[in-house]
Trainee: 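Take this structure, written in structure tokens, and hold onto it; I'll ask about it next.
Chain letters run A, B, ... following the sequence lines, proteins first and then strands; every chain starts at 1. Values below: all heavy atoms of this structure, side chains included; hydrogens, waters and symmetry mates excluded.
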Amino acid sequence: MAKTGEKSGGSGKKTLKRKATVEEPEEGTVTGDGATQGGVQPPKATAFPPGFSISEIKNKQRRHLMFTRWKQQQRKEKLAAKKKLKKERDALGDKAPPKPIPKTIDNQRVYDETTVDPNDEEVAYDEATDEFAPYFNRETSPKILITTSDRPHGRTVKLCQQLSTVIPNSHVYYRRGLALKKIIPQCISRDFTDLMVINEDRKTPNGLILSHLPNGPTAHFKMSSVRLRKEIKRRGKDPTEHIPEIILNNFTTRLGHSIGRMFASLFPHNPQFIGRQVATFHNQRDYIFFRFHRYIFKSEKKVGIQELGPRFTLKLRSLQKGTFDSKYGEYEWVHKPREMDTSRRKFHL
Amino acid sequence: MAASSASRNQVWVGTETGILKGVDLQRKQATNFTATGQPQREAAVSALCWGAGGETQILVGCTDLTVKRFCTEKGAFQGQSKLITCVDSGVLRVWHGDEKETLSDPLLELRVGPGVCRMRQDPARPHVVATGGKENVLKVWDLQGSEEPLFRAKNVRNDWLDLRVPIWDQDIHFIPGSQKLVTCTGYHQVRVYDPASPQRRPVLEATYGEYPLTAMTLTPGGNSVIVGNTHGQLAEIDFRQGRLLGCLKGLAGSVRGLQCHPSKPLLASCGLDRVLRIHRIRNPRGLEHKVYLKSRLNCLLLSGREDWEDKLEEPQEPSEEPSKDPEVDELWASLEAAAKRKLPRADPTLWAAGTQKRKKCPRAVSS
């Protein structure tokens with residue numbers, strides 16, 4: 001942003017005399033010369049030494065002036081370039097080259113080698129025999145236990161209640177300070193398939209532990225942007241008892257597949273289309289957005305949606321192989337910020 | 001083509017789906033080998049070690065109580081050879097198997113106590129093995145000798161709250177050049193034991209991290225070990241002074257297998273995050289190769305060959321027979337150890353191992 005070289009006197013702007021400072025060895029002020037050129041031209045053009053930057057001017061007002069002048073000039077040049085380009089495109093008409101696609105971080109995502117190829121047999125076998133196989137083979141149907149950390153406050157309690165209306169066949173229990181490792185064998189004996197624990201900090205829910213029960217993986221998420229039903233604008237009426245459909249978006253890598261299957265195993269297999277309700281887990285840039293909507297088809301192609309239900313954002317922190325055991329369990333994936341977040345274009349889910 | 005490429009593989013990895021993968025780092029390729037052609041989760045590979053005859057054979061221990069032999073030259077599973085096996089319930093058996101006989105009687109059977117996590121054979125003295133596990137204190141056995149262990153370690157003193165310190169030996173290594181052993185525990189401790197000294201308690205204890213240490217390997221320098229824990233952290237610990245020399249980054253999941261090259265400063269690591277990584281341990285410390293292998297990895301074997309970086313020629317003839325050892329050690333030198341982890345209780349009926357179809361033995365064997 002250093003504006004080197006001479007400036008043509010801006011329209012009507014005064015060129016003030018400057019104090020000679022150390023940074024400007026060559027005082028290019030030729031006030032005298034400007035005066036001799038005649039009154040037609042603007043007062044003077046200060047000649048700057050090469051390699052000079054506006055930020056080196058010590059006087060704040062003067063510096064601000066020079067900067068605004070430079071900025072206006074940049075804007076003018078940009079507008080002119082745009083107009084020129086538009087003119088050229090119009091002139092070419094149909095033969096104009098297609099518009100270039102703007103680069104976004106999602107566009108520029110580094111290709112992840114763990115991206116699952118749908119034809120891959122080894123991964124297909126791995127998925128067909130993993131811990132979720134009983135659910136996907138229709139041998140078990142989900143039964144969820146929702147609980148919180150100890151002594152939850154109002155928001156968390158309400159979130160649990162609303163989640164239990166969203167997820168069919170779920171039960172909310174108050175956590176009376178019980179250890180999770182003691183709760184888990186009891187859940188298994190009562191045929192629960194999943195355990196959801198909503199962690200709370202300073203009266204807001206901020207974490208989610210999702211453990212698939214018989215011996216399945218445990219995922220620990222960071223939860224943010226929680227909006228309860230009354231905080232959602234333009235929402236529809238409360239959800240009904242119908243089983244919703246599920247949408248899982250953009251879980252492409254192997255880790256993403258595991259997490260996607262984990263979310264899918266929370267809901268029963270047979271969605272009731274009469275209810276027209278859908279739960280969406282949308283993964284973008286490693287953040288998973290949960291939304292719950294009711295849809296209605298106005299015509300073949302047009303759909304209207306109403307958001308019901310709570311909404312929150314999750315980010316995966318770790319995936320552990322067995323049921324919840326943070327001390328002695330083996331982790332399949334742990335998020336390590338200093339090692340994994342070095343590139344802005346690399347995502348893991 | 002499969003034959004020559006099989007010998008080119010520098011790292012062999014066993015997975016939870018029962019597939020043995022050979023990885024060629026030069027070309028960054030992995031080839032899958034299964035005993036039956038289809039992956040089987042019941043036959044997950046839990047232990048790998050080199051068989052007799054240089055590094056041409058691999059013994060594969062699976063969780064369905066079988067041990068298979070894999071020939072790297074031909075790229076196929078074959079019959080069984082002599083070996084020592086130990087199962088999770090603590091039954092250690094020495095087998096004497098032939099190519100033709102599918103059934104064998106155990107030559108020797110020992111009970112080492114339940115909950116065994118690791119059995120390791122001393123490379124210098126093949127008749128000596130060490131076992132250890134969860135609430136199973138470290139014991140060194142002489143297979144030629146008596147039923148009693150040669151050395152039985154004692155637990156450390158009670159801690160500062162006067163509580164008994166629990167025992168969970170996850171990995172054991174014999175330190176070359178002396179009788180000492182080094183173990184790493186599930187309570188994030190690294191301990192050195194010296195059977196030669198009158199003290200049965202550990203000579204040195206160092207701790208690292210706050211998660212269970214699952215794998216350990218000795219470095220080529222000889223003074224340190226590299227340990228990995230369930231969080232994917234790798235650390236090099238000097239066992240002479242008990243201090244941390246440095247860490248290695250990169251793993252995201254629990255470390256299941258670690259092995260150092262015998263002469264080069266290279267470390268191969270595999271874990272639950274399905275990626276095989278080769279790190280350079282010194283000057284400079286960092287990641288060399290990374291290969292994504294699609295299943296969770298259980299164990300690995302690194303080839304100790306010197307000619308890693310050079311291109312290998314096509315092998316013209318099969319490798320020669322190894323030279324015979326002196327008579328006293330002949331039997332023991334050809335014994336291989338295959339430690340099995342996490343197996344169901346071993347039942348007294350014998351499963352014949354090695355052939356592609358598992359056959360129940362015709363005669364019952366008394367245990």
Side-chain angles (χ1 to χ4, degrees), chain A residues 110-134 215-220 252-259 286 316-322 324-342 346-349, chain B residues 15-19 21 28 30-34 37-44 134 166 168 170 185-188 209-215 228-234 247-256 271-277 287 290-298 342:
Chain A
V110 164
Y111 174 70
D112 197 329
E113 55 183 355
T114 60
T115 309
V116 174
D117 179 19
N119 304 331
D120 196 330
E121 297 168 344
E122 193 179 336
V123 175
Y125 176 78
D126 201 10
E127 292 199 337
T129 53
D130 72 355
E131 295 100 348
F132 299 109
N215 48 357
T218 305
H220 175 34
T252 49
T253 63
R254 186 71 187 80
L255 180 66
H257 261 239
S258 307
I259 302 289
D286 281 355
L316 182 67
R317 280 175 74 171
S318 67
L319 179 64
Q320 186 211 320
K321 190 165 175 234
F324 181 77
D325 188 352
S326 55
K327 249 170 114 180
Y328 302 120
E330 293 200 310
Y331 285 87
E332 209 179 300
W333 189 82
V334 173
H335 181 248
K336 296 188 181 171
R338 298 193 72 176
E339 291 176 33
M340 296 181 182
D341 284 350
T342 43
K346 181 150 182 40
F347 305 111
H348 309 283
L349 276 183
Chain B
T15 64
E16 276 192 5
T17 46
I19 302 176
K21 289 181 188 255
K28 299 254 182 181
T31 21
N32 289 355
F33 300 100
T34 43
Q38 286 300 317
Q40 285 175 304
R41 200 171 276 267
E42 305 80 42
K134 189 153 189 161
W168 186 5
Q170 288 259 33
T185 69
Y187 299 105
H188 44 86
E210 23 181 74
Y211 296 100
L213 303 175
T214 48
N229 66 7
T230 55
H231 231 57
Q233 294 159 338
L234 293 175
C247 292
L248 291 159
K249 296 201 295 190
L251 269 91
S254 171
V255 179
R256 283 275 177 101
L272 289 184
D273 60 347
R274 303 162 211 257
V275 176
L276 170 73
R277 285 181 176 87
L287 184 67
K290 187 169 91 155
V291 185
Y292 170 62
L293 305 168
K294 302 161 196 151
S295 317
R296 291 196 270 247
L297 308 170
N298 253 345
K342 294 195 188 85

Trainee: Using modelled atom types and a 3.5 Å cut-off, is there a donor and acceptor pairing between side-chain atoms of B:T185 and backbone atoms of B:L213?
Mentor: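 A pair under 3.5 Å: no.
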
Trainee: Under a 4.5 Å heavy-atom cutoff, which of B:P212, B:A252, B:G271 has the most pairs with chain A?
Mentor: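 Counting heavy-atom pairs under 4.5 Å, the top option is B:A252.
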
Trainee: Using non-hydrogen atoms only, which part of B:I19 is less than 4.5 Å away from chain A: side chain, backbone, both, or neither?
Mentor: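 Only the side chain of B:I19 comes within 4.5 Å of chain A.
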
Trainee: Please classify the contact between A:S326 and chain B as side chain, backbone, both or neither, with a heavy-atom cut-off of under 4.5 Å.
Mentor: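 Backbone only.
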
Trainee: Using modelled atom types and a 3.5 Å cut-off, is there a donor and acceptor pairing between side-chain atoms of A:D112 and backbone atoms of A:T115?
Mentor: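 Judged by distance alone, no pair lies under 3.5 Å.
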
Trainee: Is the A:H348 ring parallel, tilted or perpendicular to the A:W333 ring (thresholds 30°, 60°)?
Mentor: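 The rings of A:H348 and A:W333 sit tilted, inter-plane angle from 30° to 60°.
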
Trainee: Should the heavy atoms of other residues, nucleotides or ligands under 6.0 Å from CD of A:E121 be counted, would the total exceed 12?
Mentor: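 No, because the 6.0 Å sphere around CD of A:E121 holds 12 heavy atoms or fewer from other groups.
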
Trainee: Using only heavy-atom distances, determine whether the side chains of B:S295 and A:E122 contain a donor-acceptor pair under 3.5 Å.
Mentor: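 Side chains of B:S295 and A:E122: pair found under 3.5 Å.
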
Trainee: Hey, which of A:D126, A:L255, A:V123 has the most heavy atom pairs under 4.5 Å with chain B?
Mentor: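 Looking at each of A:D126, A:L255, A:V123 in turn, A:D126 comes out on top.
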
Trainee: Where on A:K327 is there a heavy atom nearer than 4.5 Å to chain B: the side chain, the backbone, both, or neither?
Mentor: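 For A:K327, backbone heavy atoms alone lie under 4.5 Å from chain B.
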
Trainee: Identify which part of B:N32 has an atom lying under 4.5 Å from any heavy atom of chain A, answering side chain, backbone, both or neither.
Mentor: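 Side chain only.
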
Trainee: Please report the interatomic distance CG(B:L234) to CG(B:N229), rounded to the nearest 0.5 Å.
Mentor: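 Interatomic distance, B:L234 CG to B:N229 CG, rounded to 0.5 Å: 8.0 Å.
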
Trainee: Which bit of A:E113 comes within less than 4.5 Å of chain B, counting heavy atoms only: side chain, backbone, both or neither?
Mentor: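 Interface part for A:E113: both.
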
